[in-house]
Peer 1: 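Take a look at this one; I'll ask things after.
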Amino acid sequence: MTHHYRINGSMIQQFSGKPVSIIGTVSKVHPSGNVLDLETSDQQHIVVRSSDHIVDVSPGNIIEVLGEVDNRNQIACDTIVTFESEQTANFDMDMYNQAVMLFQHYPQDYLVNL
Amino acid sequence: MTSQQLATGALLRYLHGNTEEKAILQVVGIKTIDSKTDDPSTGTKRYRLMLSDGKSTFSSCMLGTQMNHLIDNRSLKENSIIRIQRVMMNTIDKQSGRVMLMIYELEVVESDCERIGDPVALPLSDIINSGSSSNRSETASNIPASATTAALPSTTNVIRQGSKALPTLDDRNTPKKTTSESTRATSKGNNAIDKERITNIDTLNPYMNKWTIKARVSSKTQIRTYENARGPGKLFSCDLVDQSGEIRATAFNVECDKIYPLLEVGKVYYIARASLKPVNRQYNALNNDYEMTFNYDTCIEACDAGEGDNIPQIQFNFIPISEVANRAANSVCDIIGVVKSTSDMQTIMGKTSQKEFHKRDILLVDENASITATLWAKQAEEFDGSSHPVIAFKGIKVGDYNGRTLSSVNSTLICQDPPETSRTTELRVWFDREGKTMDLPDLSKGSDVANRQALFKTLAQITAEGLGLGDKPDYINVKALLTIIKKDSAVYMMCPERGCGKKVVDENNGTYRCEKCNKIYTNFEWAYMLSAEISDVTGSQWINIFRHEAEALLGISADEFGNYRMNQNESIIDNVVNKAMKHERIFKLRAKVDQFNEERKVRFTCTHVSDVDWAFNARRLIDEIKQMEPMSL
């Protein structure tokens, strides 16, 4: 699997056309079932379009979205990772956001492709 | 030939503050000053005039810009005669006596003219000294007298704006101090020191005009020489205290030599006219936002005997001993406590310097905590803590060896039973009543109870920093994974006697002998004595895990483990062991040197095992990263 860069909302433009991973909270699932609104770790709102029908996802859930940034600054996603509620109960979104920013700040120390 | 007569002596009269006069003067020089900085919008010119009153000239006369047009259209030029309509006198620099005249309004009386008389520049002394020159005779040899230009008689000196260079009536009435105690740093006399209105040290700031403090010199450094880009220099510093606070004062070069012999530690002085600037925290830890520099103007006068008794000897800013835990290593602080115990004099060899150091450790206690303070050299030699005195330290350095310790440095002041603070009696009473026997958390000991200092280290750091090799055991937290467990020796047969813990010998006849208790038992207990290897990204380390920690790790009691072993349920044991090795945990380790057959080796014992709190761990890592960055992210 190719490496997906972990980003937050404010980095979307920089990663246009690149494979990314975004963790955030679902704010809304569109009635069409293929689009959802995600609040990113830096409290920005982005649109995620899935090729498949989105299942097992409700507002308030924390999910991870793997996909690509399209030219409308939306995510064309091919995989959605969902978590057990026990796993996300103590998830510190702010800490995650700080980690994401550190990854960008020190790309040479963030190992990928191990 | 001109029919105009100049107002002789008018310039001096103006300079002494009598600016009501509308004198007739001659312009003997005009100079343009580019004042781009003054007037950002237009870069207006300002003209500087040299004026003559026939006898004297004065060159620092600034023309109000509203008059510029007179020069620009050539009606006002060199040798023009003018009548001053409005003028003000300003003091530029009280130190050197520099003053200037601002001409706000003038009238050109005669545009073209010849030079009148042979005026000479006013001497500075005349400008500074008042009175004498105002009585100068009106008539000079070549100046025709005229009723229309008679100078107004000079009025007696009045208070002028900003004129600190010129003595006022008040000053002349102040009786000069003639006692031998009196010492003056400058020759300007008493005029600066106002003993009636003393300012508190804690209110001093750079924007105050006039102040006098009454302060005691609590400490004084030696004269120190230095070199910087401007060349060599010298300085000394002293700490000044009064009832309100403290401040550091420094004197450089000329002032250093002048003032150093004047100030005696412990004596009280009146001090006025020094510069104030924001404090340089690198060198100055005193409790004041500003620090003082003695300059050319500074006046210092010793206090009469008895007059300074109300000034304290020293200013303390005590923090409770427990607060030292929150202070950074190498910072300084003020501490007060009771000496609970004193060590003997110890001699240690400096590793790098190969010099011998004498030191003495004292155990200092207050109501909530205790800490070890180290004294050196003379302080160590002279110290006697046998009476359990109250000791106060001013400016003692915080160290982080084994938790928190205090170490006296050159500038540290030690006071025994200081009278300046109520803490002395409070501590004395507390100690005599209960403190003597209290068991207090010790910031300088690595015991489990008080040791909140167990830091997180990687396994590589433990070896690199030589943790565990010191006199006292070190406590460290490590986030690691269990990689090897010696399961065959995980449990042993333990003596059933409470508190014994020794391994019993299996007599193979249903009895078990304990050599420590010297008894035979018919039973034994299984006990954990786990030897395991833990690893993290930086390395690995063998550790020992006993009792509760082993049980927490493996998830089954020693008894259960022993039974499985007895029953040779190897697969169950394997399961248990493998499960324990699956995920990372936080291991709290005690690292201690073990002397075993002449071999000194650090042994690690696990004192606590816990799951990783990921959010806490992430925060810790972010903090560590931030500390490594030069600037904030």
Peer 1: Got a sec: does the NZ of Lys457(B) have more than 12 other heavy atoms crowding it under 6.0 Å?
Peer 2: yes
Peer 1: Can you find a heavy atom in the side chain of Tyr106(A) that is under 4.5 Å from one in the side chain of Ile625(B)?
Peer 2: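 A side-chain contact exists here, since the closest heavy-atom pair is under 4.5 Å.
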Peer 1: Taking salt bridge (Lys or Arg N to Asp or Glu O under 4.0 Å) as the cut-off, I'd like each qualifying pair that reaches into residues 3-16 of chain A, sequence neighbours left out, listed once.
Peer 2: Arg6(A)-Glu64(A)
Peer 1: Atom CG in Asn90(A), atom CG in Asp613(B): separation rounded to 0.5 Å?
Peer 2: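 It is 8.0 Å, given to the nearest 0.5 Å.
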Peer 1: Around Gln87(A), counting heavy atoms of other residues, nucleotides and ligands shown, do more than 12 lie under 6.0 Å from its CD?
Peer 2: yes
Peer 1: Quick one: which residues of residues 533-543 of chain B reach chain A at under 4.5 angstrom, heavy atoms only?
Peer 2: none
Peer 1: Within the supplied structure, the quantity of interest is the number of heavy atoms (other residues, nucleotides, ligands) at a distance under 6.0 Å from Gln13(A) CD; does it exceed 12?
Peer 2: no
Peer 1: Other residues, nucleotides and ligands only: do more than 12 of their heavy atoms fall within 6.0 Å of NE2 on His548(B)?
Peer 2: no
Peer 1: If you draw a 6.0 Å radius around CE in Met95(A), do more than 12 non-hydrogen atoms from other residues or ligands fall strictly inside?
Peer 2: yes
Peer 1: Got a sec: does the CZ of Phe456(B) have more than 12 other heavy atoms crowding it under 6.0 Å?
Peer 2: yes
